[in-house]
Amino acid sequence: MTGPLVSIRNLSVSYRRDASSPSLGNIDLDIAAGERLAIIGESGSGKSTLALAIAGLLPPTTAVNGAILWSGQPQLPRGGRDIGFVFQDASASLDPVMAVGRQIAEVAHTHLGLGWPQAQSRALDLLRRVRLPEPETALHAYPHQLSGGQRQRVAIAAAIAAGPRLLIADEATSALDTIVQADIVALIRQLVAEDGMALLFVSHDIALAAELADRIAVFRSGEMVELGTADAVIQTPQHAYTKKLLDAHIGLDAAPMIAATGHGHV
Amino acid sequence: MSDPLLAVSGLTKRFRRSGTTVIAADNISLSISGGETLALAGPSGSGKSTIARLILRLIEPDAGRVDFDGGDFLALHGAALRAKRARLQMVFQDPLAALNPRATVARVLDDPLRIHGLASRGERPDRIATLLERVGLSPDLAGRHLHEISGGQRQRVAIARAIATKPSLIVLDEAVSALDVSVRGQILELLLDLQRTERIAYLFVSHDLGVVRAFAHRVILLEGGRIAEQGDARAVIDNPQSTIGKALVAAVPRLTRTQDRS
């Protein structure tokens, strides 16, 4: 019997010194090893703040109270080694003037102590795993030479290069078109299953979260209003806000907003 | 049957990019009637935004014809073009990028009224208040800066600016894509209300097939600058025939709810 991978206890985060309007308040949440947990919410809900807090990426001026335990230990995990982070905008997280192979190899070199030839060879393996076309050529490509979806594949390869136990994806597919988004979600699902990683999937899209996650946590205005299995949250939401989010979703089965008209011609 | 409000034929635009030519719009023909919503959907790079920008004359086509409001829109210049532009408005995804973020709400709405000579200086504050009320905002917001108000309020201001010149067609380029879902529904309802009362037609550029299906009368699915499929929005999306149509529909995340929403 092992405890949770991450235990969050009474976590509060405030970007302002006075802490009168916390961005995140009194959060208690466990992330089990190997589970896929989705954090959903709208702008200002605190979902990204939670992801940054877990990864230790909040600005130094932020007031953080409470505890984040990593495998039951109070010492913070190391970003890159223990936690891989994929952001929404891959062009902003990749170095524009460094070949992508080198960027991935750097992670393996830094955190796994591999020599450069081994690190480069691991980068090539990773580019194959994220299914980048022509991986040998892509190793020497620069980010601007790749499409948005390909850049996000590279960012994922770099995020998992050191074999982290937790992968955090913060709106990682939100800037991609629907078809590429579905491919990247399938890739993330496969990678976390193969490597036994836990996944923290931060998204505004409740349908996407429902398709991918084992559990869903719903955030609003810095508070976690509901937490449950994906099925329970979708089928029997307990909180009024969760119901509101579900009702606001416009899926392929939504009732038309317009009346049928004689505009059938083309 | 009267002539369509907008009739596009043979619209073509090629971009040269690092030595290769990309055909962003390849012999596109389409039409929109008054009070109708036509959606353009497709993957990134399919040409949906390019076609919208060609119609708005934000970029010039290599070939093709655009008839709008009873005349050759591409042939217009100077004062005639400015006058016709009042009838063809646009709302983009990010109002902070499309409008001056440091301007006040009043300033953003004053511009079209002044430029198109729609109201004297003395009349304009009242007209601005009326516009704000029409889009569901308090006139008290007039003195606020754009960066001080919420994303949903900003998009309402962008819509108020678009309707200030009493347009017959508004191009909505991913205009609700960046909004929170709880706000998105309200903005779509506002747009539908304007369509019903003012008979405004929309060219609705969107990547979201669920919203297209609920909001648009007809849809054109694009791939590689070409029309892959078109027709009644619900008929096309419920039963796509083209390869890209099937792929687009299959990629939409499903929220399967068995429970009745009561």
Side-chain angles (χ1 to χ4, degrees), chain A residues 40-45 144-145 147-149 173-186 203-212 216 220 230-237 241 243-266, chain B residues 1 4 18 30-33 35-38 41-46 150-151 178-186 188-189 191-192 195-196 207-218 220 230-235 237-238 244 247-259 261:
Chain A
I40 65 155
E42 299 185 291
S43 32
S45 63
H144 77 271
Q145 297 171 306
S147 72
T173 65
S174 305
L176 305 172
D177 78 36
T178 321
I179 293 176
V180 179
Q181 166 171 278
D183 288 348
I184 297 287
V185 165
S203 178
H204 68 284
D205 187 334
I206 197 166
L208 196 60
E211 284 197 339
L212 179 62
I216 294 176
R220 184 189 60 173
D231 272 352
V233 170
I234 303 302
Q235 305 299 345
T236 53
Y241 178 70
K243 291 175 193 166
K244 186 180 156 196
L245 278 183
L246 288 165
D247 286 339
H249 177 74
I250 303 176
L252 292 177
D253 54 353
M257 301 176 74
I258 50 167
T261 66
H263 290 305
H265 72 282
V266 169
Chain B
M1 184 84 201
S18 51
L30 57 84
S31 68
I32 306 178
S33 302
E36 183 189 26
T37 299
L38 172 67
S44 344
S46 61
S150 74
L179 299 173
D180 281 332
V181 288
S182 56
V183 176
R184 181 182 65 183
Q186 297 162 15
L188 289 171
E189 287 294 350
L191 291 167
L192 288 176
Q195 181 167 66
R196 278 189 293 265
H207 72 283
D208 187 331
L209 286 192
V211 173
V212 166
R213 186 182 165 283
F215 182 75
H217 299 100
R218 286 186 300 129
I220 289 178
Q230 60 183 319
D232 174 86
R234 275 165 294 292
I237 293 168
D238 289 347
I244 190 68
L248 285 167
V249 169
V252 176
R254 261 40 169 211
L255 185 66
T256 316
R257 296 178 77 188
T258 51
Q259 260 220 325
R261 306 183 195 186

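Every chain is numbered from 1, with letters handed out A, B, ... down the list of sequences.
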Next item on the list: Only counting residues at least two apart or in another chain, list the ones meeting side-chain contact (heavy atoms from CB on, under 4.5 Å) with D238(B).
Entry: R213(B), R234(B)
Check: What part of L30(B) is in contact with chain A, defined as an atom under 4.5 angstrom from a non-hydrogen atom: side chain, backbone, both or neither?
Finding: neither
Check: Is there a side-chain contact between D253(A) and R254(B) (heavy atoms, below 4.5 Å)?
Finding: no
Next item on the list: Counting only heavy atoms closer than 4.5 Å, note whether I237(B) contacts chain A via side chain, backbone, both or neither.
Entry: side chain
Next item on the list: Using a cut-off of under 4.5 Å on heavy-atom pairs, state which of G149(A), A207(A), S174(A), G41(A) scores highest against chain B.
Entry: A207(A)
Item checked: Contacting moiety of A255(A), where chain B heavy atoms sit under 4.5 Å -> backbone
Notebook entry, point to check: Is any side-chain heavy atom of I250(A) less than 4.5 Å from a side-chain heavy atom of L188(B)?
Noted result: yes
Margin query: At a heavy-atom distance under 4.5 Å, which candidate from A251(B), G45(B), A247(B) has the highest pair count against chain A?
Written below: A251(B)
Check: In terms of heavy-atom proximity below 4.5 Å to chain A, should L248(B) be classed as side chain, backbone, both, or neither?
Finding: both
Next item on the list: Check whether I206(A) gets within reach of chain B through its side chain, its backbone, both or neither, counting any heavy atom under 4.5 Å.
Entry: both
Check: What's the shortest heavy-atom distance between M257(A) and G185(B), and which atoms?
Finding: CE-O, 4.3 Å
Next item on the list: Taking all non-hydrogen atoms of both residues into account, name the closest pair between I244(B) and I179(A) and its distance.
Entry: CD1-CD1, 3.9 Å
Item checked: Exercise: identify the closest heavy-atom pair between R184(B) and A248(A) -> NH2-O, 3.3 Å
Next item on the list: Could you pull out the closest heavy-atom pair between L255(B) and A210(A), with the gap in Å?
Entry: CD1-CB, 3.9 Å
Notebook entry, point to check: For A235(B), is it the side chain, the backbone, both, or neither that has a heavy atom closer than 4.5 Å to a heavy atom of chain A?
Noted result: neither
Margin query: So, using side-chain contact (heavy atoms from CB on, under 4.5 Å) as the criterion, who are the partners of S203(A) when residues are at least two apart?
Written below: E171(A), F201(A), D205(A), L208(A)
Next item on the list: Report yes if the side chains of D180(B) and H204(A) come closer than 4.5 Å at any heavy-atom pair, otherwise no.
Entry: no
Next item on the list: Considering non-hydrogen atoms only, spot the tightest contact between P43(B) and D177(A) and give its length.
Entry: CB-OD2, 3.3 Å
Checklist line | Part of V212(B) within contact of chain A (heavy atom distance under 4.5 Å) | finding: neither
